[in-house]
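All values reported here derive from a predicted model rather than from experimental measurement.
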Amino acid sequence: MFNAKVSSAFLAPIALTEIAIRNSMNVAICSHLGVPLSEGWHRDVLSDRPRVHLLEQDRGKLQRVLQKLDRNGLTDPTGDDVVGGTSLGLWVSLASEGRSRDREYDYFRLIWQPYLYRAFPNSPDVRNKPKPLRASLREFERLRNRIAHHEYILNMNLPHQMTNILDLAGAVDADLAEYIRSTHSVDKTLRLYRAFIADGVCTL
């Protein structure tokens with residue numbers, strides 16, 4: 001019972017933060033390539049002579065999005081269509097090291113340091129020290145996916161998870177973080193859960 005209640009309380013903070021992350025990273029890439037947001041950067045990445053080289057697994061994620069959009073009648077999707085259709089995992093991957101031993105796919109050197117770090121303007125030293133942010137993004141993705149797949153989350157450090165969401169939101173937009181902080185119901189729901197447990201009633 002409470003697993004569903006707590007998961008539900010996390011939904012809005014996760015959704016707002018994920019949208020902010022996707023959009024901010026999308027703006028950073030489009031700005032670097034000099035393409036309008038309406039056009040999107042996927043065309044460059046999937047072209048025969050891309051300026052942004054992605055690992056095959058990440059190119060595949062984009063190609064599958066386009067195939068799905070095509071099946072739904074969007075044969076010429078906009079940048080927003082593609083961003084909306086991508087998985088969070090793609091964006092988390094773009095913030096990773098890529099394949100550092102292969103210079104063509106060294107995400108840190110070719111994508112992150114030149115421009116993608118700008119997606120997180122309020123995160124200090126993130127351009128040269130991205131490891132804490134990467135860890136936060138992976139943790140955020142893990143929580144998001146567990147909730148999306150209706151998995152058990154009450155064995156996680158949930159106050160830490162909420163703090164992590166606020167930190168990521170704040171790294172993109174301080175006002176967004178403050179909005180989430182003032183409106184979310186995670187803390188209240190966790191207090192109810194603790195009180196329920198204190199009464200000695202077993203929950204599943």
Side-chain angles (χ1 to χ4, degrees), residues 14-66 69 76-142 144-145 164-180:
I14 287 174
L16 290 170
T17 303
E18 179 175 347
I19 290 170
I21 290 170
R22 288 174 184 239
N23 287 341
S24 191
M25 293 177 77
N26 181 57
V27 168
I29 299 172
C30 286
S31 296
H32 175 74
L33 293 177
V35 298
L37 295 175
S38 59
E39 178 181 325
W41 53 272
H42 59 280
R43 290 181 173 85
D44 178 276
V45 170
L46 298 177
S47 68
D48 293 334
R49 302 182 67 179
R51 287 175 286 170
V52 178
H53 293 269
L54 296 188
L55 295 169
E56 191 58 38
Q57 63 194 35
D58 294 329
R59 282 177 58 91
K61 291 173 184 176
L62 277 178
Q63 288 169 334
R64 286 191 290 276
V65 170
L66 293 176
L69 292 172
D76 187 25
T78 66
D80 286 342
D81 292 330
V82 176
V83 171
T86 55
S87 67
L88 175 62
L90 172 63
W91 303 96
V92 173
S93 179
L94 293 178
S96 72
E97 292 181 348
R99 188 184 296 148
S100 58
R101 294 182 180 179
D102 187 333
R103 291 178 63 84
E104 188 175 23
Y105 300 104
D106 184 343
Y107 285 6
F108 175 67
R109 186 178 63 84
L110 298 177
I111 298 176
W112 182 261
Q113 279 197 316
Y115 57 92
L116 195 54
Y117 76 94
R118 296 192 181 99
F120 302 91
N122 302 321
S123 187
D125 301 324
V126 74
R127 181 180 188 181
N128 297 311
K129 298 178 180 179
K131 287 185 178 180
L133 180 68
R134 289 175 184 159
S136 293
L137 286 170
R138 287 193 295 269
E139 190 70 15
F140 176 72
E141 182 188 18
R142 176 170 171 257
R144 184 254 192 222
N145 288 346
N164 189 53
I165 290 172
L166 291 170
D167 287 346
L168 283 172
V172 176
D173 187 321
D175 289 339
L176 173 63
E178 184 54 39
Y179 175 79
I180 294 173

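Under the 4.5 Å side-chain criterion, counting only non-hydrogen atoms from C-beta, Glu18 is in contact with Phe140. Put simply, the side chain of Thr86 does not reach to within 4.5 Å of the side chain of Lys61, judged on heavy atoms. A 4.5 Å side-chain heavy-atom check between Thr78 and Val83 finds every atom pair outside the cut-off. You'll find the side chain of Trp91 stays beyond 4.5 Å of the side chain of Leu137, heavy atoms only. Side-chain contact check for Ser24 versus Phe120: every heavy-atom pair is 4.5 Å or farther apart.
The minimum heavy-atom distance linking Pro50 with Val45 is given by the pair CB-O, 3.7 Å. Closest heavy-atom contact between Val82 and Val65: O-CG1, 3.9 Å. Here the closest heavy-atom approach between residue Leu116 and residue Ala28 is recorded as CD1-CB, 4.2 Å. Between Ile180 and Ala169, the closest heavy-atom pair is CD1-CB, 3.9 Å. Taking both residues in full, the closest heavy atoms of Cys30 and Pro36 are given as SG-O, 4.3 Å, listed atom of the first, atom of the second, then distance. Minimum interatomic distance between Leu176 and Ala20 (heavy atoms only, all atoms of both residues): CD2-CB, 3.4 Å.
Evaluation of the side-chain hydrogen bond (donor to acceptor under 3.5 Å, both in side chains) test over residues 29-47, restricted to residues two or more places apart or in two chains, returns Asn26-Trp41, Arg43-Asp76, Asp44-Arg51. Every pair passing side-chain hydrogen bond (donor to acceptor under 3.5 Å, both in side chains) that includes a residue from residues 109-126 is listed here, sequence neighbours excluded: Gln113-Asn128.
A distance of 9.0 Å separates CE of Met25 from CD1 of Ile111, quoted to the nearest 0.5 Å. Interatomic distance, Leu90 CG to Arg59 CZ, rounded to the nearest 0.5 Å: 12.0 Å. Taken from CD in Gln63 to CG in Asp58, the straight-line distance is 11.0 Å, to the nearest 0.5 Å.
Remark: of the listed residues Leu54, Val52, Leu66, Leu66 is the sole one forming a side chain to side chain contact (heavy atoms under 4.5 Å, CB included) with Leu46.
Looking only at atom types and distance, the side chain of Arg134 has no donor-acceptor partner in the side chain of Ser96 under 3.5 Å away.
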Practice prompt. Evaluate side chain to side chain contact (heavy atoms under 4.5 Å, CB included) for Leu168 paired with Leu133, printing each intermediate quantity in order.
Written response: CA-CA 8 Å; Leu168 283 172; Leu133 180 68; 3.6 Å; yes

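Listed for the Arg138 side chain is no donor-acceptor partner under 3.5 Å among the backbone atoms of Val92. When atom types are taken as modelled, the side chain of Tyr105 and the backbone of Glu97 share no donor-acceptor pair closer than 3.5 angstrom. When atom types are taken as modelled, the side chain of Ser136 and the backbone of Pro132 share a donor-acceptor pair closer than 3.5 angstrom. A donor-acceptor pair under 3.5 Å is absent between the side-chain atoms of Arg103 and the main chain of Leu110, judged by distance alone. A donor-acceptor pair is defined here as one N or O able to donate and one able to accept, closer than 3.5 Å; no such pair exists between the side chain of Arg144 and the backbone of Ile14.
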